[in-house]
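Counting convention: from 1, in listed order, for ligands and their atoms alike. Fair warning: this is a prediction, and the values are worked out from it, not measured in the lab.
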Amino acid sequence: MFDKMKFWKNNISSSSLRERADKIQEGAVPSHVAIIMDGNGRWAKKRALPRVAGHHEGMKVVRKITRFANLLGIDTLTLYAFSTENWKRPKLEVEYLMKLPEEFLGTFLPELIEENVQVRMIGDKQLLPKHTLNAIEKAMNETKDNDGLILNFAMNYGSRAEIINAVQNVLKDIKSGIIDENQLDDELFSKYLMTCELSDPDLLIRTSGEIRLSNFMLWQLAYSEFWFTDVLWPDFTEEHLADAIEAFQNRQRRFGGV
Ligand code: IPE
Ligand code: IPE
Ligand code: MG
């Protein structure tokens with residue numbers, strides 16, 4: 001079992017953060033938080049380092065934020081790690097990004113298992129290099145029975161491709177009589193998306209000052225609360241996540257009602 005007290009003692013020394021976490025838990029904690037982790041390249045540039053140094057630093061932040069999200073009682077954390085458009089980047093950068101899952105999971109998988117985290121992935125697996133996919137599938141396999149935080153990596157993910165794929169499968173199922181076209185509604189369509197087993201994000205965070213979705217969860221974010229920050233992903237801390245969740249707790253969600 002995940003031991004909250006032990007976690008605090010070993011990982012988070014700041015008592016003010018601990019107090020904030022306790023306070024957050026008295027309110028409505030968002031069930032699904034999605035993050036567009038952006039700004040790694042600019043973080044590196046500011047330090048005259050190669051872009052990949054920013055990606056490496058960003059990986060450490062993934063660990064920190066996963067643990068904090070788990071502690072807060074968030075059910076699902078979706079992290080946008082690589083988009084279907086990111087293949088346009090220089091070959092060496094893409095190769096580095098494709099090695100990160102191995103490095104991250106190679107180092108932290110035992111810890112994720114211990115903390116009862118369940119690893120999942122959304123995105124097109126077919127174009128991923130074998131070594132990348134193997135690392136992710138191994139982690140998914142070894143954590144499939146965990147029932148703590150779902151850590152969902154969006155890897156080679158693009159929302160438009162996801163929607164087109166869903167439409168194609170809907171058409172197939174209509175043709176073969178598995179579903180009737182009159183049955184199709186929001187709920188049924190959602191079952192054809194890669195997120196079929198997940199709730200829609202309650203809160204979307206994007207770092208680095210960009211105010212756009214970059215082809216991320218276009219369907220699923222229809223009624224999510226958005227929170228943007230200028231902080232670059234490698235500089236993102238537990239305190240920033242607490243800021244976002246506190247802001248979320250002060251929002252009034254109406255879903256079209258009054
Ligand atoms: C986010 O950081 C990581 C990925 C998109 C893989 P960037 O690499 O986009 O960093 P910037 O936006 O160039 O600073
Ligand atoms: C979005 O960031 C993709 C990820 C964070 C993985 P980008 O840096 O690729 O987005 P744009 O190009 O600035 O829109
Ligand atoms: Mg970027």
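No side-chain heavy atom of Trp43 sits under 4.5 Å from any side-chain heavy atom of Trp233. Side-chain contact check for Pro101 versus Phe153: every heavy-atom pair is 4.5 Å or farther apart. Proximity of Met98 to Met155: side-chain heavy atoms (C-beta onward) are separated by under 4.5 Å at one or more points.
For ligand 2, the atoms closer than 4.0 angstrom to any heavy atom of Phe82 are 6 (C). Distances below 4.0 Å separate heavy atoms of Arg212 from the following atoms of ligand 2: 11 (P), 13 (O), 14 (O). Listed by number with element, the atoms of ligand 1 under 4.0 angstrom from any heavy atom of His55 are 3 (C), 8 (O). Those atoms of ligand 2 with a heavy atom of Ile36 less than 4.0 angstrom away are 5 (C).
Counting only heavy atoms of the protein, atom 14 (O) of ligand 2 lies nearest to Ser214 OG, 2.6 Å. For atom 1 (C) of ligand 1, the nearest non-hydrogen atom of the protein is Met37 O, 3.0 Å. The protein atom (non-hydrogen) at minimum distance from atom 10 (O) of ligand 1 is Gly41 N, 2.9 Å.
Residue Asp38 approaches the Mg ion (ligand 3) most closely through its N/O/S atom OD1.
Under the 4.0 angstrom criterion for non-hydrogen atoms, Gly39 is in contact with ligand 1. Using a non-hydrogen distance threshold of 4.0 Å, Lys45 does not register as a contact of ligand 1.
For Glu210, no nitrogen or oxygen atom sits less than 3.5 Å from a nitrogen or oxygen atom of ligand 2, counting backbone and side chain alike. Ligand 1 has no N or O atom lying under 3.5 Å from any N or O atom of Ala81, backbone or side chain. By the 3.5 Å distance cut-off applied to N or O atoms, Ser83 is not counted among the residues near ligand 2. The distance criterion of under 3.5 Å between nitrogen or oxygen atoms is met by Arg89 with respect to ligand 2.
Heavy atoms of other residues, nucleotides or ligands lying less than 6.0 angstrom from CD of Glu197 number 12 at most.
The aromatic rings of Tyr157 and Tyr80 sit perpendicular, their planes meeting at an angle over 60°, well past the 30° parallel limit.
At a 4.0 Å heavy-atom cut-off, ligand 1 touches Asn86 through the side chain alone.
Side-chain atoms of Glu103 and His56 include a donor-acceptor pair closer than 3.5 Å. Using a 3.5 Å distance cut-off with no hydrogens or angles, the side chains of Asn40 and Glu57 do not pair a donor with an acceptor. Judged purely by distance below 3.5 Å, without hydrogens or angles, the side chains of Thr229 and His240 never pair a donor atom with an acceptor atom.
The residues Arg20 and Glu246 are annotated as salt-bridged, a charged nitrogen and a carboxylate oxygen being separated by less than 4.0 angstrom.
No cation-pi contact links Arg89 to Trp87, judged by a cut-off of 6.0 Å to the six-membered ring centre and 45° from its axis.
Remark: atom 12 (O) of ligand 2 lies closer than 4.0 Å to no protein heavy atom.
The only option from Val62, Ile205, Thr78 that meets the side chain to side chain contact (heavy atoms under 4.5 Å, CB included) definition with Ile35 turns out to be Ile205.
When Arg206, Met155, Arg42, Lys88 are ranked by how near their heavy atoms come to atom 2 (O) of ligand 2, first place goes to Arg206.
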